[in-house]
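For reference, the structure discussed in these notes is given below.
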Amino acid sequence: MSVDVGTGVVSASRRRARPRLKVQHKKAIAIFIAPFAVLFAFFYLVPIGYAVYQSLLVIERDGTFGEAREVFGGFAQYALVFQNGPFWQSVTRVFLFGIVQVPVMLGLSLLFALLLDSPLLRGKRFFRLAFFVPYAIPGVIAAIMWGFLYSPNLSPFTAITQNIDFLSADLVLWSIANVVTWVYVGYNMLIIYSSLLAIPSEIYEAARLDGAGQWRMAWSIKIPLVLPAISLTAIFSIIGTLQLLAEPQVFRTFSSAVSSTFTPNLTVYTTSSVPNVNLAAAFSVVLALTTFVLSFGFLKLTQRKEAK
Amino acid sequence: MTATLSSPTGAEPTTTASGRRAPAGRVARESPLSRASAMIVMLVFTLYFLIPIWWLFIASTKSTAQLTSTAALWFADFNLIENVSSLLAYRDGVYLKWMLNSVLYAGAGALIGTLFAAMCGYALAKYSFPGRDAIFNVVLGGVLVPATALALPLFLLFSQVGLTNTFWSVFLPSLVSPFGVYLTRIFAAASVPDELLEAARLDGSGEVRTFFSISMKLMLPALVTVFLFQFVAIWNNFFLPLIMLRDETLFPVTLGLYAWNSQVNQIPELRLYVLVGAFLSIIPLVITFLLLQRFWRSGLGAGSVK
């Protein structure tokens, strides 16, 4: 005999036929779900739908100074998006950024997590906190801070910054990459480290009996077991990379090499400020779809690898 | 993959609860070279992570002239108090307004957002009803949608109803935390036993009352994690206030400092105010993080599994 919480029905052997399940606690469920659901609908679903709708409109005027009307334009805005050279340059730019910055950042996070999890270190709590502190700094503030650190005059490292122009067109993308890495390594390190902590110690005992050293254990045991955590951090890093806006926008004030269409999201913002909301909406939809496809694809890829 | 709650097992063999190393009877298989290089690597990176913040602190204690003339990583005259006073007085104390705005947007927003997310996650975990899985899948999709992708759509929507450039235009969207629903659902399923709920029902307690008096306490680590996460997300959210707000008195402190930083060429004294303002603004964040980081760890342990 067991009590089924959902139906509140004690199932004895005679209730084999599938009864009509009565939903219990309807009012309570509604109370619990309603606030989030309403806000989610209004501020996630409706805006997305409205942006898609706006992206399908074009502005028509009667003559140059006539009144503007928004009419259905089909995919006209999307045609403009695909013809927009600077936009696709910005997409290439963030792809390049991502291909380098994400592996470097996650590689460092993994290394630090492994070191924290090994018997090689003392003062682990100190390192854990010290490495996590940059995550408490908002990206905008971190970008402002590093903008000063890169400057030839105000930086504590003028010996370096006066010789290497970190804000030049060649280097500014990687200077921004450094800011992002600086902020997020500790955070990703903690995610991977939490996953490492959940590995049962019996596995290590068995490996040690087999004569495995620290590095061998890290390579053959720890890393495979934390691959889910690593892929989680990778997905969020990829999403974040494609959405890059705050750091480049701040760097615009430090470096003339950062154009108003430096990253896709910057293009969205600049276009909406013109204001050309329909085109901006189209850019936004294309960017969101790309992000979704990439992160979803990566998720499926890693899930399939795990299932093997 | 099975869900595990992070309870440190023997995987941390060298530190006990009081932080002491394990007795020396263990044979140390790791060579001094390995240990030294590990320490060196970590110390070098500690410098990398902390020196910028240290520099910011030092810079906040200097006068404008001293910023360029004195050694950057150590104090000149200690002017911090004067700098802070002039910062707070500048332009009728707009900086304080910004800090208050940030606290409202992020603090109140995360608090209410966590509550709503926890209620929803709890209901999804502990009750069965038609459409439950559909709702959860939609929420999961929402987790993958970054805040920046929503900024423009929200702006379009708020423009349509003429509500841009208001407090609510930033506050209301911040109340939505799909990740919060995801995390609390997992946590509620694992840490709130059905038997307890049954017992409460038999005692005559209503569902809502049970939630607030019993279940929420059991879900506390997840609640703190969600709160911290949402707080950080709102405080960091740059695109939304950037695109929504024109009125300087509504700015969160991040947007305000950015605006000042953009005017540094025209108004040179802003340079020092940006630095001091930045330093002041991160103090509450760093303190909150350090105080609550152990909740973060146990909450993350529950959430970082697939």
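Remember, predicted model here, so these are calculated numbers, not experimental data. Chain letters run A, B, ... following the sequence lines, proteins first, then strands; residues in each count from 1. Values below: every heavy atom of this structure, side chains too, minus hydrogens, waters and symmetry copies.
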Which one, A:V250, A:L115, A:V133, A:N265, leads in non-hydrogen pairs under 4.5 Å with chain B?
-> A:N265
Identify the heavy atoms of B:P153 and A:P47 that sit nearest to each other, and give their distance.
-> CB-O, 3.3 Å
Between B:L285 and A:A136, which heavy-atom pair has the shortest distance, and what is it?
-> CD1-O, 3.2 Å
What part of B:I51 lies closer than 4.5 angstrom to a heavy atom of chain A: side chain, backbone, both or neither?
-> side chain
Straight-line distance of A:F132 CZ to B:F289 CZ, nearest 0.5 Å | 4.5 Å
How long is the span from the CD1 atom in A:I33 to the CZ atom in B:R132, to the nearest 0.5 Å?
-> 9.5 Å
Taking all atoms of both residues into account, what is the closest heavy-atom pair of A:F43 and B:V176, and its distance?
-> CB-CG2, 4.1 Å
Begin from the C-alpha positions of B:V41 and A:F112 and carry the test side-chain contact (heavy atoms from CB on, under 4.5 Å) through to its verdict.
-> CA-CA 9 Å; B:V41 165; A:F112 299 147; 4.2 Å; yes
One should read off an interatomic distance between B:F238 CZ and A:L245 CG, to the nearest 0.5 angstrom, of 6.5 Å
Counting heavy-atom pairs under 4.5 angstrom with chain A, the leader among B:V181, B:N265, B:L255 is B:V181
Taking all non-hydrogen atoms of both residues, which atom of B:R35 and which atom of A:L120 are closest, and how far apart?
-> CG-O, 3.4 Å
Note, A:F127 side chain near B:M39 side chain (heavy atom, < 4.5 Å) = yes
So how far is it from A:F36 CZ to B:S177 OG, rounded to the nearest 0.5 Å?
-> 7.0 Å
Work out which heavy atom in A:L149 is nearest to a heavy atom in B:P52; give both atom names and the distance.
-> CD1-CB, 3.6 Å
Note: vs chain B, highest number of non-hydrogen pairs under 4.5 angstrom among A:A28, A:A288, A:A246 is A:A246
If you tally heavy-atom pairs under 4.5 Å against chain B, which of A:V277, A:I137, A:T233, A:V185 wins?
-> A:I137
Checked B:A123, B:P178, B:S37 vs chain A; the most non-hydrogen pairs under 4.5 Å come from B:P178
Show your reasoning for whether side-chain contact (heavy atoms from CB on, under 4.5 Å) applies to A:I235 and B:L144.
-> CA-CA 9 Å; A:I235 289 174; B:L144 285 181; 4.2 Å; yes
Bottom line for A:I192: the part with an atom under 4.5 Å from chain B's heavy atoms is neither
Any side-chain donor-acceptor pair under 3.5 Å between B:Y48 and A:N178?
-> yes
What do you reckon, is CZ of A:F42 surrounded by more than 12 foreign heavy atoms closer than 6.0 Å?
-> no
Could you give me the CA-CA distance, side-chain angles and deciding distance for A:F283 and B:L152, then say whether side-chain contact (heavy atoms from CB on, under 4.5 Å) is met?
-> CA-CA 10 Å; A:F283 279 132; B:L152 180 79; over 6 Å; no
Name the member of A:P134, A:G240, A:G139, A:G186 that forms the most heavy-atom pairs with chain B at distances under 4.5 Å.
-> A:P134
In terms of ring plane angle, is the pair B:F239 and A:Y269 parallel, tilted or perpendicular, where the classes change at 30° and 60°?
-> perpendicular
Can you tell which part of B:L154 gets under 4.5 Å to a heavy atom of chain A, answering side chain, backbone, both or neither?
-> both
In terms of heavy-atom pairs under 4.5 Å with chain A, which of B:G142, B:A278, B:A59 leads?
-> B:G142
Apply the ring pair (Phe, Tyr, Trp, His ring centres under 6.0 Å) test between A:H25 and each candidate in B:Y122, B:F129, B:Y127; give the one that qualifies.
-> B:Y127
Rounded to the nearest 0.5 Å, how far apart are OG1 of A:T253 and CH2 of B:W260?
-> 15.0 Å
B:M119 and A:P35 have their tightest heavy-atom pair at CE-CG, 3.8 Å
Quick one: what part of A:Q54 sits under 4.5 Å from any heavy atom of chain B, side chain, backbone, both or neither?
-> side chain
Atom group of B:I282 that falls short of 4.5 Å from chain A, counting heavy atoms = side chain
Which is it for B:L56 and A:F148 under the side-chain contact (heavy atoms from CB on, under 4.5 Å) test, yes or no, and what are the steps along the way?
-> CA-CA 10 Å; B:L56 189 63; A:F148 280 97; over 6 Å; no
Non-hydrogen side-chain atoms of A:K27 and B:V208 separated by less than 4.5 Å | no
Give, as side chain, backbone, both or neither, the part of B:L257 having an atom under 4.5 angstrom from any heavy atom of chain A.
-> both
Of the listed B:F158, B:Y258, B:F155, the one with the largest count of heavy-atom pairs under 4.5 Å with chain A is B:Y258
Do A:I141 and B:S281 come close enough that some side-chain heavy atom pair is under 4.5 Å?
-> yes
Could you tell me which portion of B:V274 (side chain, backbone, both or neither) has an atom closer than 4.5 angstrom to a non-hydrogen atom of chain A?
-> side chain
Distance in Å, A:Y135 OH paired with B:L228 CG, rounded so as to fall on 0.5 Å steps | 9.0 Å
Contact leader toward chain B among A:F254, A:F40, A:F126, where contacts are heavy-atom pairs under 4.5 Å = A:F40
Could you look at A:E205 and say if it's the side chain, the backbone, both or neither that has a heavy atom under 4.5 Å from chain B?
-> neither
